[in-house]
Engineer: 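This structure is in structure tokens; I'll ask about it shortly.
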Amino acid sequence: MLLPRSPSISWCWRKRRPSSLSGPLSSRATRSHQAHRLQPRPSRRSPSRLSAVASQCSPSVRSSWQLLLIIRSSSSRGYTKKGMKIACTQPRRVAAMSVAARVAREMGVKLGNEVGYSIRFEDCTSERTALRYMTDGMLLREFLSEPDLASYSVVMVDEAHERTLHTDILFGLIKDVARFRPELKVLVASATLDTARFSTFFDDAPVFRIPGRRFPVDIFYTKAPEADYLEACVVSVLQIHVTQPPGDILVFLTGQEEIEAACEMLQDRCRRLGSKIRELLVLPIYANLPSDMQARIFQPTPPGARKVVVATNIAETSLTIEGIIYVLDPGFCKQKSYNPRTGMESLTITPCSKASANQRAGRAGRVAAGKCFRLYTAWAYQHELEETTVPEIQRTSLGNVVLLLKSLGIHDLMHFDFLDPPPYETLLLALEQLYALGALNHLGELTTSGRKMAELPVDPMLSKMILASEKYSCSEEILTVAAMLCVNSSIFYRPKDKLVHADNARVNFFLPGGDHLVLLNVYTQWAESGYSSQWCYENFVQFRSMRRARDVREQLEGLLERVEVGLSSCQGDYIRVRKAITAGYFYHTARLTRSGYRTVKQRQTVFIHPNSSLFEEQPRWLLYHELVLTTKEFMRQVLEIESSWLLEVAPHYYKAKELEDPHSKKMPKKTGKTREELG
DNA sequence: GAGCACTGC
């Protein structure tokens, strides 16, 4: 090995990924190639018409093996006659937009006319739009206004292999609609070879294989497992840099912290090697990175230099970087999981699936033949990795999904036709919570309030809170709180070199009462600044998150009328805001006991998150937005409440007796007091 | 005294 005093990793070459084509084809050539190869098993359909649909798939699906299933296709002509439309869903907004733009261009029409897209906050369609690209969540919402999809003649679900929550729900609903609408054509496009499952689910639908274009990628494994994969990563990158021909490197790590560490180590070692090696540009990329920093990865690599992009899973599907020839894959990713017994979410580092590893490897073969170095053994790949990632529907809470299905008239959720059913307990907890919120009656039927809640594109507790703001005349403030809570990523930006400044800035937003009021405060001040990005920069607030909050707030405000809530402000009376929040979140409460916080109903031990404004306050009664398991069971976004409010907002759920405080005399001094008592 | 993978309505 050429690197002085540096350990190296020995690789073994295993296999060449199968590739259908050895070189790229122009889009035109690809289409005709596909048309030529299409040989549908049942001969009722004509290949040329199918190829026309295939050409409308997203480029990422077209660039790999894919399957198309067609079910119930008795008619074969005139899909867009009599005002009928074709829907094509994508898991991501950008994909919906870019595929629509591409197809509009190829058809020579103006985007938004015959071909358009429809995503949240943005509708680029018109009366004339026959071919409509949309996010899968958007089509799911359309079921509310058109449960039989009557205006669609064809529905195509693209990137089905990703198995997003929305895609999975769509599967069940579409299968149902197709049963009583035999003329509806349904296509499912997936980039995996696991066609049997999809086909069986859709009543043994025929499968079509369409070869895509991709360059071969050689896969290398380590001979022995690596104990420290971060260190192994850094060594491998330098090894590739020194020994391999030109071409940029893409490294997959699990999160921001790891990426920052790896980038520092790489830069540090390059500096020490100095002119012994050629220039290596080290660039991080993850979703929370400010946009201007993100943009740097797309700049072309200067001649003579090599670029190494250190990325999260964002580079696996969401964005494509030109010029990548080498992929380095330690085989891990962060994955969300949900425990329905405790209602707790956690984010843990887990080995990625074979499907995910292959997707990563494929990133090396987009512009030329590439190489993928896996930091695990071939044996581990064969025997230890799961075939596919557990579908999202089995790893997440389903409150709003259950509410949506209920409002579509699906009563027996336990027997809903899921491709992969979620855990029984997850459905049960969702039903229980919806009942407690008054969205369902004791027969499990939707109530008037439940029907309204389903109209709002937020979690049930959040929609309940919005409905309650009518009673407390504070919808202006509650809308803001709701929008800020919807922005899942942290609002506060903490650059490593200015931690103290950033934390001071955060504390300056603190208001008595708790984190929800802090969020309200941040938004209000930002609005007063004229929604300025400069203001965000000065206050260490993420501009992107704020802009998103504004979008969400505007959308929710537009829906207020539908759910019969009037716009009104509390005029600084934050008790009303806190009561309205309690009306939605009474299910999520904790009380201070001698042994710390316990949730009121389940008696679980929980902790205030150290980033909370109430971390040092320790009020007696708390409400939390969410429970997250990291190093401890943390309550994130907490609000101080009074126990009497619980009786006021949820008398059906709480009894006065269980809210008595027999231990109040034994509470530690200076804690356990409500702010009102402290004056 | 901790740490937020990625999406989406």
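To find a chain, count down the sequence lines: A is the first, B the second, and so on, and within it residues start at 1. Worth knowing before you read on, the calculation uses all heavy atoms, side chains too, and leaves out hydrogens, waters and symmetry mates.
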Engineer: I need the CZ-C1' distance between A:Phe143 and B:dG8, as an integer number of Å.
Structural biologist: 16 Å
Engineer: How long is the line joining NZ of A:Lys334 and C1' of B:dC6, in whole Å?
Structural biologist: 12 Å
Engineer: Taking any heavy-atom pair under 4.0 Å as a contact, classify A:Leu165: base, sugar-phosphate, or nothing.
Structural biologist: nothing
Engineer: Taking atom C1' of B:dC6 as reference, at what distance in whole Å does atom CD of A:Gln359 sit?
Structural biologist: 13 Å
Engineer: Could you tell me whether A:Lys336 contacts a base, only the sugar-phosphate backbone, or nothing, with contacts defined as non-hydrogen atoms closer than 4.0 Å?
Structural biologist: base
Engineer: Looking at side-chain heavy atoms only, is the closest gap between A:Leu456 and A:Leu462 below 4.5 Å?
Structural biologist: no
Engineer: Any salt bridge linking A:Glu557 with A:Arg553? Criterion: basic side-chain nitrogen under 4.0 Å from a carboxylate oxygen.
Structural biologist: yes
Engineer: Regarding A:Gln335, tell me which of base, sugar-phosphate or nothing describes its non-hydrogen contacts under 4.0 Å with the strands shown.
Structural biologist: nothing
Engineer: Between B:dA2 atom C1' and A:Phe615 atom CZ, what is the distance in whole Å?
Structural biologist: 8 Å
Engineer: How many whole angstroms separate atom CZ of A:Phe540 from atom C1' of B:dC4?
Structural biologist: 19 Å
Engineer: Taking A:Arg636 first and then A:Glu345, would you say they form a salt bridge - that is, a charged N and a carboxylate O separated by under 4.0 Å?
Structural biologist: no
Engineer: Extract all donor-acceptor atom pairs below 3.5 Å that involve side chains of residues 285-293 of chain A and protein atoms in other chains or at least two apart in sequence.
Structural biologist:
unit_1	atom_1	unit_2	atom_2	d
A:Tyr286	OH	A:Glu260	OE2	3.4

Engineer: Between A:Cys486 and A:Gln256, just flag the one whose closest nucleotide in DNA chain B comes earlier from the 5' side.
Structural biologist: A:Gln256
Engineer: Counting heavy atoms from C-beta on, name the nucleotide in B:dG1, B:dT7, B:dC4 closest to the side chain of A:Arg636.
Structural biologist: B:dC4
Engineer: Quick check: on DNA chain B, is the nucleotide nearest A:Leu456 upstream (toward 5') of the one nearest A:Asn288, or the reverse? Name the residue that is more 5'.
Structural biologist: A:Asn288
Engineer: What nucleotide among B:dG8, B:dC6, B:dA2 has an atom nearest to a side-chain atom of A:Ala287?
Structural biologist: B:dC6
Engineer: Base, sugar-phosphate alone, or nothing: which one does A:Ser318 contact when heavy atoms must sit under 4.0 Å apart?
Structural biologist: sugar-phosphate
Engineer: For A:Asn313, answer base if it contacts any base atom (sugar-phosphate contacts may also be present), sugar-phosphate if it contacts only those atoms, and nothing otherwise; contact means non-hydrogen atoms under 4.0 Å.
Structural biologist: nothing
Engineer: Counting any heavy atom closer than 4.0 Å, what does A:Arg395 reach on the DNA or RNA strands: base, sugar-phosphate only, or nothing?
Structural biologist: nothing
Engineer: A:Pro610 has a side chain; which of B:dG1, B:dG8, B:dA5 sits nearest to it?
Structural biologist: B:dG1
Engineer: Check the distance between B:dG8's P and A:Arg548's CZ and give it to me in whole angstrom.
Structural biologist: 8 Å
Engineer: Quick one: A:Phe252 CZ to B:dA5 C1', roughly how many Å, whole number?
Structural biologist: 12 Å
Engineer: Between A:Lys334 and A:Glu258, is the closest basic N to carboxylate O distance under 4.0 Å?
Structural biologist: no
Engineer: Which listed nucleotide (B:dG8, B:dA5, B:dG1) is nearest to the side chain of A:Arg93?
Structural biologist: B:dG8
Engineer: Nearest of B:dC9, B:dT7, B:dA2 to any side-chain atom of A:Ile314?
Structural biologist: B:dT7
Engineer: The side chain of A:Leu347 lies closest to which of these nucleotides: B:dA5, B:dC9, B:dA2?
Structural biologist: B:dA5
Engineer: Report the residues that fulfil ring-ring contact (aromatic ring centres under 6.0 Å, His included) with A:Tyr338, sequence neighbours left out, ordered by chain and then residue number.
Structural biologist: none
Engineer: For B:dC9, does OP1 or OP2 lie under 4.0 Å from any side-chain N or O of A:Thr135?
Structural biologist: yes
Engineer: Could you check how far CD of A:Glu633 sits from C1' of B:dA2, rounded to whole Å?
Structural biologist: 14 Å
Engineer: Out of B:dA2, B:dA5, B:dC9, which nucleotide sits closest to the side chain of A:His609?
Structural biologist: B:dA2
